[in-house]
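Here the structure comes first, spelled out in structure tokens, and everything after it is commentary.
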Amino acid sequence: MNRRNFLKGVSGGLILGGAGLPLPRMALAIPVSMGPAELPPGTLESSLLDALPGKKPLIKRTFRAPNYETPVAYFNELYTPNDAFFVRYHLMNIPEVAADTWKLKLGGEALQTPMELGLDDLRRGFERVELPALCMCAGNRRGLFQPHVPGVQWGNGAMGNARWVGVRLRDVLNKAGVRKEALEVVFDGVDSGIAAYKTPDFVKSLPMWKALDENTLIAFEMNSAPLPHWNGFPARLVVPGWVGTYWVKNLMSIDVVAKPFEGFWMKPAYRIPLGKFPNVDRFITQETAVNTPITDMVVNSLITNIEEDQRFRLGQPVDVKGVAWDGGYGIRTVEVSVDEGQSWRPATLGQDIGRFSWRQWSYHFKPARRGKVTVMTKASNRIGQTQAAELILNPAGYHHNLIQKATIQVG
Ligand SMILES: Nc1nc2c(c(=O)[nH]1)N[C@H]1C(S)=C(S)[C@@H](COP(=O)(O)O)O[C@H]1N2
Ligand SMILES: [Mo]
């Protein structure tokens, strides 16, 4: 947000954090940004801080279906608190699941033994696996695409990092037996559409290789607590490295099938044009001549502790903090420029807690002159990919990974 939005924001784009709002400590007394100023006209004004049951106030982008993003100040913590974790649904009817009667149905023509598993069967019958991983919506920062594209006008907060606990999908599938003709695994949650809106049911599929990857989990805990209802209670899929759309929540059924699954949310939704992105993880059974399902996240970074146009005194050190992530190769470097991109210096990386988690970083400098200083950040991963200098346009506004910028005022 720029200075103008900051001032007018008290009645529009900004809400002042205060005693009444349980925001993170670092956000108290400072304004909570409702998103970058570049969001389409009206987006900031129509977004509110609002709490779903059991959640802290989050930035409400839409209510029907519930789409709430996490204020960026929370991303200064390594793990995003469950009650501040973003919420993304496509459908309006999201019934609460009773843990004791819930059953996960396993079936499909390419599964040997159809079965139903309760929560205790999952907990007791399989090895428990813990994995830190970032869940990010493919459309995170969609609102920053120029020209604007339709869809939820997300700012920076459609993501969160958590420690997931569950069992390997592979172990569960192997118990039921996977036939050799198996091509994809199909996942459905309990949520459904409302007839009048005619939104197709949210059903997703994975290629066998990703479903059988040792890191793909059926998770029932996040950050040492049961999943919140809004994040998939009692169990959800965790598909590390891949965008959030595959992380099906409130799981109800898993089907192993012998044909490519043709549901609306696989085709035409969640597709990227072929050849535009360095699409590393292929989903061959779903590819067409022109497009392919979006799969792994692209390398990216975010500055988390600087408010746009924040003031610093000359001589006062500036500590820039942020996070960086990719599709699971791991972050190799984060570089920072404070001279409009002429020179770049490495940031200090935080602890490596696994290649599917985001990586914290920090950068310390003393501005040498008064006036406006732009801090730019650029992450690179271990296979040499780096952030985009120019946005790669695509119809649905996915994979926004522009080099990041935050402007400070040195006086
Ligand atoms: N059942 C169900 N699962 C779902 C969705 C949904 O609409 N219904 N949306 C997906 C999308 S697009 C994203 S980005 C993630 C978001 O996870 P979160 O709401 O826990 O943050 O959930 C995924 N799982
Ligand atoms: Mo998403």
Side-chain angles (χ1 to χ4, degrees), residues 52 54-56 58-62 64-71 74-75 79-97 102 104 133-143 151-164 166 186-194 197 199-206 216-223 225-254 263-266 269-272 293-297 396-400:
L52 288 164
K55 285 280 187 179
K56 291 229 167 81
L58 302 179
I59 303 167
K60 179 168 73 178
R61 296 289 182 216
T62 69
R64 289 163 65 86
N67 285 300
Y68 287 65
E69 73 175 82
T70 303
Y74 283 105
F75 299 155
Y79 294 112
T80 313
N82 292 4
D83 57 6
F85 207 91
F86 84 107
V87 175
R88 202 274 183 262
Y89 277 99
H90 298 76
L91 306 171
M92 295 179 193
N93 185 21
I94 309 157
E96 278 194 36
V97 176
W102 174 80
L104 179 61
L134 175 72
C135 177
M136 186 194 75
C137 183
N140 193 29
R141 299 189 184 137
R142 176 183 291 124
V152 178
Q153 297 303 303
W154 297 114
N156 289 299
M159 64 173 180
N161 199 47
R163 262 173 301 117
W164 308 94
V186 180
F187 306 88
D188 194 3
V190 302
D191 48 336
S192 59
I194 287 170
Y197 285 79
T199 313
D201 194 13
F202 187 79
V203 187
K204 296 293 295 188
S205 71
L206 287 176
T216 299
L217 308 181
I218 301 172
F220 33 76
E221 277 177 32
M222 132 187 212
N223 298 326
L227 301 177
H229 165 62
W230 302 108
N231 301 104
F233 185 86
R236 79 176 300 170
L237 214 57
V238 166
V239 190
W242 283 29
V243 292
T245 183
Y246 298 99
W247 298 46
V248 177
K249 300 187 280 187
N250 320 102
L251 271 173
M252 178 172 78
S253 67
I254 298 180
F264 176 84
W265 298 105
M266 290 305 297
Y270 284 105
R271 295 246 154 194
I272 52 172
I294 189 167
T295 55
D296 45 331
M297 291 180 276
Y398 297 140
H399 280 336
H400 184 299

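Small disclaimer: the values here were computed from a predicted structure and weren't measured. Order of appearance sets the numbers: ligands from 1, and atoms from 1 within every ligand.
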*asked:* Once rounded to the nearest 0.5 Å, what's the spacing between atom CG of Asn161 and atom CZ of Phe85?
replied: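 It comes to 7.5 Å.
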_Asn231 CG to Arg88 CZ distance, which is reported to the nearest 0.5 Å_ = 13.5 Å
When you look for heavy atoms under 4.0 Å from ligand 1, do you find them on the side chain of [X], its backbone, both, or neither?
| X | answer |
| --- | --- |
| Trp247 | backbone |
| Asn231 | both |
| Tyr270 | side chain |

*Are the side chain of Lys55 and the backbone N or O of Asn82 linked by a donor-acceptor pair below 3.5 Å?*
yes
*Without swapping roles, check the side chain of Arg142 against the backbone of Tyr398 for a donor-acceptor pair under 3.5 Å.*
no
*For His90 and ligand 1, does the shortest N/O to N/O distance drop below 3.5 Å?*
yes
_Please check whether Phe86 reaches ligand 1 - meaning an N/O of the residue sits under 3.5 Å from an N/O of the ligand, judged on distance alone._
yes
*Among side-chain atoms of Ser253 and Asp188, is any donor-acceptor pair under 3.5 angstrom?*
no
_Between Phe75 and Thr80, does the side chain to side chain contact (heavy atoms under 4.5 Å, CB included) criterion hold? Intermediate values first, please._
CA-CA 7 Å; Phe75 299 155; Thr80 313; 4.3 Å; yes
Take every heavy atom of [X], measure it against each atom of ligand 1, and state whether any distance is under 4.0 Å.
| X | value |
| --- | --- |
| Arg236 | yes |
| Leu91 | no |
| Tyr246 | no |

With atoms numbered from 1 as shown, which atoms in ligand 1 lie under 4.0 angstrom from a non-hydrogen atom of [X]?
| X | result |
| --- | --- |
| Cys137 | 14 (S) |
| Asp191 | 1 (N), 2 (C), 6 (C), 7 (O), 8 (N) |
| Phe85 | 21 (O) |
| Tyr89 | 6 (C), 7 (O), 8 (N) |
| Arg88 | 5 (C), 9 (N), 11 (C), 12 (S), 16 (C), 19 (O) |
| Val87 | 19 (O) |

*Go through the steps to decide whether Arg141 and Asn156 satisfy the test side chain to side chain contact (heavy atoms under 4.5 Å, CB included), and finish with yes or no.*
CA-CA 5 Å; Arg141 299 189 184 137; Asn156 289 299; 2.7 Å; yes
Top protein contact for [atom], by heavy-atom distance:
| atom | answer |
| --- | --- |
| atom 23 (C) of ligand 1 | Gly244 O, 3.2 Å |
| atom 3 (N) of ligand 1 | Lys249 N, 2.9 Å |
| atom 4 (C) of ligand 1 | Phe202 CE2, 3.5 Å |

*Taking the six-membered ring for Trp and the single ring otherwise, decide whether the centroids of Phe187 and Tyr246 are under 6.0 Å apart.*
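So the answer is no for these two rings.
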*Does the ring center of Tyr270 lie less than 6.0 Å from the ring center of His90?*
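That pair passes the under 6.0 Å test.
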*Give the C-alpha distance, both sets of side-chain angles, the deciding distance and a yes or no for side chain to side chain contact (heavy atoms under 4.5 Å, CB included) between Phe202 and Thr245.*
CA-CA 10 Å; Phe202 187 79; Thr245 183; 3.7 Å; yes
*Hey, mind stepping through His229 and Leu52 against side chain to side chain contact (heavy atoms under 4.5 Å, CB included) and telling me if it holds?*
CA-CA 10 Å; His229 165 62; Leu52 288 164; over 6 Å; no
